[in-house]
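Below is one structure, written out as structure tokens; comments come after it.
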Amino acid sequence: MTLAHTDRPPRSPAAFRATHRTRGPQAAVRCRRRRTQLTAWAFVAPLVAYLAAFYLYPLYRNLDLSLRHYTVRSFVDGNAPFSGWANFSQVLHDPTFWPALTNTAVFTVASLAFQYTIGLALAVFFNRRFRLAGILRALFLIPWLLPLIVSSSTWAWMLNSESGIVNHTLNLVGIAPVDWLTSPRWALTSVIIANIWIGVPFNLVVLYSGLQNVPAELYEAASLDGAGAWQQFRRITFPLLRPVSAITLLLGLVYTLKVFDLIWIMTRGGPGNSSSTLATWSYRLGFGTLLPQFGPGAAVGNILILIALLFGLLYIRIQRRQEA
Amino acid sequence: MTRPRAGRPRAGRSLRTTVIGVGLTALMLFPVYWMINVSLTPQQDMRKSPPDLFPLHPTFTGYQAVLRDQLPYLATSLLIGVSTVVVTLVLSAPAAYALAKLRPRGSGFLGLSLLIAQMVPGIVMAMGFYGIFLNLGIMHTWWGLVIADSTLAVPFGVMIFTAFMSGIPDELTAAATVDGAGAWRTFWSVVLPVSRNAVVTVSLFSFLWAWSDFVFANTLDSGGDLQPITLGIYRYIGNNNQEWNSIMATAVVASIPAAVLLVLAQRYVAAGVTAGAVKD
């Protein structure tokens, strides 16, 4: 075993075996395997320490926050009485809870439905060979790459009631101006529209790369059999794309549940609670007012984690099954 | 479907498809165009009805405002972005090498933890960091923000590197071992140079995410001496609600990294987007 801890590794497997001949080949293999394990752990150790300090610990602190009665002072003097489920019960009975939960659901489902449908249509379109296809596909990535504060403020200005280009365009076709961001009726729709725009590129790119794995012969055979474009899509493209679609949608779901910046910048969850989601509500409780309610804010955050994890684990299960 | 597939009709159809493609792209990128257009529109024309579709009388006052007000914010974002890239690479590349090639016990569990880590909402992390930063007295520091921002990129980085390094043939690392290289030398002078593409992809995305971060910046650095550009824009929206050409000019400048990255490293971007979702 002493050899396993020398500084220099054996020069070659043959040399290694030679020096260990007296102990027999099995001991040598075990010795080497153990050495590899130690080296491997040395490589991984910083990451593990990092994850413990900057993922697990914040999550623990957040859980702790949600189970205590915290004020700004509590952080300084460390004095926050344990309050059990009080924060959770307060949050669940808050009149904002149901609007926030249903808004989260509507925001997520509507965003995904449109992002996916538009993304898939575009992926099928770009799957044809034509000039400039590569460049145009790359340009489609821009909305996804822009900082969210940039896209959110651009959309906020475009949807401005008096001077926004959207209302001007509607005016041209004879539709009365809509108070996109300032009326409770339209605020949620507005942030959904902006979010669809941001999410289409992700769906397009992933589904397009999924399409590359569909064998071209299938289409040739189908078109010899007289199948039209729509039939080819329904009988070949869509079924064969199902695994990729499932992954795309679930990953999109987990991402969409998290969306905060966009809604906060465009509407701050308002007017009233009309575009509040669990994410923006959690933020407003913790940071959005002069009298922060860290405990309830953290409680909402933890409910959001629970929902995200539920779908996250489903995603992992499906992905594992596809790999197997 | 009896139409012949070869010959002239195909060329015609291809041209038509290109025209449709250009139209769709233009529609999709209209908000980006509009941002640029508004950034060049003089303040007095901002409320004009109907608005000018083209910047006929472009003004650069918005960009002058950016130069006047936003340069420190931009510099801070650059500093934070580059630092986040360094932290992410240092943590994720060696760990991924071990996961891909040395396969320590427990790597399955670690991989699962990384997947789950990516699903934690940013707002929850922000609240956890808030308490920790207050206790440690590192609130409103730029490097505290680097720590928080790196959590956006490290799990992704490990996954990209692991996937890439698993594809490096074992013969290559074995050859290095035969030549007497230790695990670190093998990693540093064989595996890492070969993984250049993965290094680019991870650097790109960690920079972009740190540059774009708003949640952490607003919760952990809103009172700091050095604040990033996302807060610069946020302040602009809050303070001078009317000067939309300055706001949009700042937005255009804040979009430059995304544009540069797309032009210089298009294929890496696409690789990064699909990384989590599609297995080759």
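Using a 4.5 Å cut-off between heavy atoms, Ser92(B) does not touch chain A at all. Heavy atoms closer than 4.5 Å to chain A are found in both the backbone and the side chain of Ile132(B). Proximity to chain B is limited to the side chain of Asn160(A), based on heavy atoms less than 4.5 angstrom apart. For Pro257(B), no part lies under 4.5 angstrom from a heavy atom of chain A. Heavy-atom distances place no part of Ile229(B) under 4.5 Å from chain A, backbone and side chain included. The parts of Phe54(A) that come within reach of chain B are both its backbone and its side chain, each placing non-hydrogen atoms under 4.5 angstrom from that chain. For a residue to count as touching a neighbouring chain, one of its non-hydrogen atoms must lie under 4.5 Å from one of that chain's; by this rule Phe214(B) touches chain A with backbone and side chain alike. Residue contact with chain B, scored on non-hydrogen atoms closer than 4.5 Å, is absent for Tyr208(A). At a 4.5 Å heavy-atom cutoff, the contact between Arg128(A) and chain B is made by side-chain atoms alone. Contact annotation for Leu91(B): both backbone and side-chain heavy atoms come within less than 4.5 Å of a heavy atom of chain A. Interface remark: Leu114(B) contributes side-chain atoms only to the contact with chain A (heavy atom separation under 4.5 Å). Contacts of Met28(B) with chain A are made by both backbone and side-chain atoms, with heavy-atom separations under 4.5 Å. Heavy atoms closer than 4.5 Å to chain B are found in the side chain of Leu309(A), but not in its backbone. Looking at Val22(B), the atoms closer than 4.5 Å to chain A (heavy atoms on both sides) sit in the backbone and in the side chain alike. Looking at Ile123(B), the atoms closer than 4.5 Å to chain A (heavy atoms on both sides) all sit in the side chain, from C-beta outward. Of the atoms belonging to Val48(A), it is side-chain heavy atoms, and not backbone ones, that fall under 4.5 Å from chain B. If you measure heavy-atom distances from Leu47(A) to chain B, the contacts under 4.5 Å come from both the backbone and the side chain. Both the backbone and the side chain of Leu136(A) have a heavy atom closer than 4.5 Å to some heavy atom of chain B. With a 4.5 angstrom heavy-atom cutoff, Val154(B) touches chain A only via side-chain atoms.
Using the six-membered ring where Trp is involved, Trp34(B) and Phe30(B) have ring planes that are parallel, under 30° apart on the 30 and 60° scheme. Between Trp184(B) and Trp188(B), the ring planes are parallel. Angles under 30° get that label, and only those over 60° would be called perpendicular.
No hydrogens or angles considered: a donor-acceptor pair under 3.5 Å links the side chains of Ser66(A) and Asn302(A). Using a 3.5 Å distance cut-off with no hydrogens or angles, the side chains of Tyr50(A) and Ser150(B) do pair a donor with an acceptor. Between the side chains of Gln212(A) and Asn127(A), at least one donor-acceptor pair of N or O atoms lies under 3.5 Å.
When the shell of 6.0 Å around CD1 of Ile20(B) is examined, it contains more than 12 heavy atoms from other residues, nucleotides or ligands.
With chain B as partner, the option from Tyr55(A), Phe260(A), Trp264(A) having the largest number of non-hydrogen pairs under 4.5 angstrom is Tyr55(A). In terms of non-hydrogen atom pairs under 4.5 Å with chain B, the most contact-rich of Phe311(A), Tyr60(A), Trp41(A) is Trp41(A). Between chain B and the residues Ile118(A), Leu146(A), Asp64(A), Leu65(A), the largest count of heavy-atom pairs under 4.5 Å involves Leu146(A). For the set Ile147(B), Ile116(B), Val32(B), Thr250(B), the count of heavy-atom pairs under 4.5 angstrom toward chain A peaks at Ile147(B). Contact count against chain B (heavy-atom pairs under 4.5 Å) is highest for Phe43(A) among Phe43(A), Phe125(A), Phe130(A). Counting heavy-atom pairs closer than 4.5 Å to chain B, the top residue among Gly301(A), Ala40(A), Gly286(A) is Ala40(A). Ranked by heavy-atom pairs shorter than 4.5 Å toward chain B, the options Ile165(A), Val254(A), Ile305(A) are led by Ile165(A).
Going from atom CG of Asn62(A) over to atom OH of Tyr57(A) covers 12.0 Å, rounded to the nearest 0.5 Å. For the atom pair OG1 of Thr104(A) and CG of Leu278(A), the computed distance is 3.5 Å after rounding to the nearest 0.5 Å. Here Arg268(A) contributes atom CZ and Thr280(A) contributes atom OG1; the two are 11.5 Å apart, rounded to the nearest 0.5 Å.
No donor-acceptor distance shorter than 3.5 angstrom exists from the side chain of Asp213(B) to the backbone of Asp149(B), with no hydrogens or angles considered. At least one donor-acceptor pair under 3.5 Å links the side chain of Gln37(A) to the backbone N or O of Arg105(B). The main-chain N or O of Arg103(B) is never found under 3.5 Å from a side-chain atom of Ser107(B) such that the two would form a donor-acceptor pair.
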